[in-house]
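Below you'll find the structure, written out as structure tokens, and then a few comments.
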Amino acid sequence: MDADTMDMPAVKPPGRGARRFAESADAAGAEGSSSVATRPPARRGWGILATFSPVATAAIALASHRLVPNLQHATPTGVYARFLIGVMIVFAALGVTQRLWRRLMPSWRNWPVAGASNFLAWCVSSAPLWAAGMIVLCAWELVTLKWNWMPLPYFPGPDGVLRTLVDDWSSAGLGQPGLAQCMVQSLILLMGGFVTGSVIGIVCGVLIGWFAPVRYWGMPVMKLIGPIPATALIPMALMLFPNPTLSAVSLIAMAVWFPVTMLTLSGVSNTRASYLDVARTLGAGQGYLVLRVAIPAAMPSIFVGLFMGLGASFLTLIVAEAVGVQAGLGWYIDWARAYSDYTKVYAALVIMAVYFSTIMTVLFKVRDRILVWQKGTIKW
Amino acid sequence: MTAKSKSAAAANAMHADVPASLRGVEVCKRFVAPDGREVQALEGVSLEIAAGEMVSLVGPSGCGKSTLLRLFTGLDAPTSGELWAGNDLISGPGAQRGLVFQDPNLFPWLTIRRNIEAGLVARGVLRQQRGEVDEFLKLVGLEAFASAFPHQLSGGMAQRVALARALVNHPKVLLLDEPLGALDAFTRMRMQDEVLRLWQARGTTMLLVTHDIDEAIYMSDRIVIMSPRPGRVDRIIDVGLPRPRGRNAPEFLAMRARILEMLHFTGAAEE
């Protein structure tokens, strides 16, 4: 850590900056390999070579792409080869300059620099993961395009999928929306449903968790309606809402609502009694007890609910899009499957993996920001 | 000398607290235990504590000393009898009677400064009294930790914050439920002096529940000894030693021996 803390003001007494910093380093460690967090960015000896490892594995993948004869009939496009060469160049450059990139505390003045430096530092520290990724790509190509262990049209190689990603980006052909537009469409549905469901869920959870009469009447309703999978309500949603977008949003909201309500009410009703006692002897009224004691105390639990809700919202989004809405990633997969164009299906899956995990990461960041006070006690 | 006189000056700069007396009249408290049996926690407890006095409640576990303290906070209501703070009948919890537990119970989601502000926010007077927060931070010597979170503090520091958080409301009475019980011996002795200093600086009436007889003798004007099942006041002892008290002064040790004898802990068991 010594190299890290050098950029920071004095460590004790614990000022805001020092803590925030330690936090961001830890958060990065939790996402990447766990050993990265404690290692200073400037590595010594063999460690320096680790940053170059993607160059080596991408070279292997490129060699097998060029030299191993194809058993599947597919026209090579060069997109995959260009991608591999790009990876090699980027990581060669990162490897040479790796001592320059370290994690900085973003502030109002330095955030563009800090952002870029943090991103590059993350790339350096996750280089072995990138290297492993190149191996996976190579193996994928060998079992499909090269050796044809897995037959077309169901299992296209990475070259075909990458080409589809590029080709279908702005338009999927046949006058249909492209992947970019599908992503925007999906994001609108997802955010609309997730935010609505979370807000309603938190409000319901607080009311049920705090007020005994609401609990008496609300709990049975929760227990009865909550476990119904939102996707089972699709026919009803299509009937109730004139607009397919609205029906998809309400289905996603429904899927998010249940776990968020459940965990909010559990968090609120499990607030430590002594916190409430202390607050009362400090002169707190109902408003303070609910808003400033019970809800903050329930925050860790609420976030568990939000993560569960987010998972449920992905599932519901894809199903709802396939049924009602004529755009979005779920629709795209369904449409491509109808045409037996499995390359498009895989392209959409790749997008989804990157896209959804990015959204997940954003929620993790929000959680880390809001639950700073829990630092050192949360392990997920 | 310098640090002490400085913080005492800080305490004097704030407008002084008006302490209130505490009075319990024939207080009874019955609980229903989880197995359905009724438990008589307190029976006919009558007690009077003068304004500005420091009184300890001691006794074996199960004698109802914490129950009595909770009744004085107003968090629980007595089964019968009356409790008074000054001229007010105690009918519910309020900011005039502060409470500090053995566990500091700081709100972990708030920084130290915001924890101390909590009472002001709860009463809606933060804007008028914000300046005092710094004075109380200084009073307990934690200015440097204003923006730290509770999990970053040691036990003694956290308990000092809990004291500051209770005192910022200028309570007429401070009720302490084994506040130093979880601290190690050295921190504990230092914190006893700290509490005494706060008591002398603020003039608040303090009622202290403790299971440590040395602490009771060292700190209090009077010691209330309670006996268990059902809890009642056994006797009240006037300490009457001059302050500051020496922990090894012969009078101190003599009083300790006397109290231990009363509690049947002299080693020579009678039964």
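Everything numeric here is computed off the predicted structure, so don't read it as measured data. We use all heavy atoms of the structure for the numbers below, so side chains are in, but hydrogens, waters and symmetry mates are not.
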Would you say that more than 12 heavy atoms from the other residues, nucleotides or ligands in this model lie under 6.0 Å from the [atom1] of [X], or not?
X         : atom1 : result
Arg113(B) : CZ    : yes
Lys29(B)  : NZ    : yes
Phe211(A) : CZ    : yes
Arg292(A) : CZ    : no

Once the angle between the rings of Tyr275(A) and Phe107(B) is folded into 0 to 90°, is it parallel (under 30°), tilted (30 to 60°) or perpendicular (over 60°)? perpendicular
Of all the heavy-atom pairs spanning [X] and [Y], show the shortest one and how long it is.
X         : Y         : answer
Tyr288(A) : Ala118(B) : OH-CB, 3.3 Å
Ala122(B) : Ala284(A) : CB-CA, 3.7 Å
Arg123(B) : Leu282(A) : CG-O, 3.8 Å

Between [X] and chain A, which part of the residue has a heavy atom less than 4.5 Å away: side chain, backbone, both or neither?
X         : result
Leu75(B)  : side chain
Leu106(B) : backbone
Arg70(B)  : side chain

Using the rule side-chain contact (heavy atoms from CB on, under 4.5 Å), only one of Ile370(A), Val293(A), Leu371(A) pairs with Trp109(B); which is it? Val293(A)
Pick whichever of Gly98(B), Pro93(B), Pro150(B), Gly124(B) has the most heavy-atom pairs under 4.5 Å with chain A. Pro93(B)
Would you check, one step at a time, whether the test side chain to side chain contact (heavy atoms under 4.5 Å, CB included) holds for Asn105(B) with Arg272(A)? CA-CA 9 Å; Asn105(B) 276 310; Arg272(A) 241 161 83 172; 2.8 Å; yes
List the steps and the verdict of side chain to side chain contact (heavy atoms under 4.5 Å, CB included) for Arg280(A) and Leu99(B). CA-CA 10 Å; Arg280(A) 285 196 185 98; Leu99(B) 172 66; over 6 Å; no
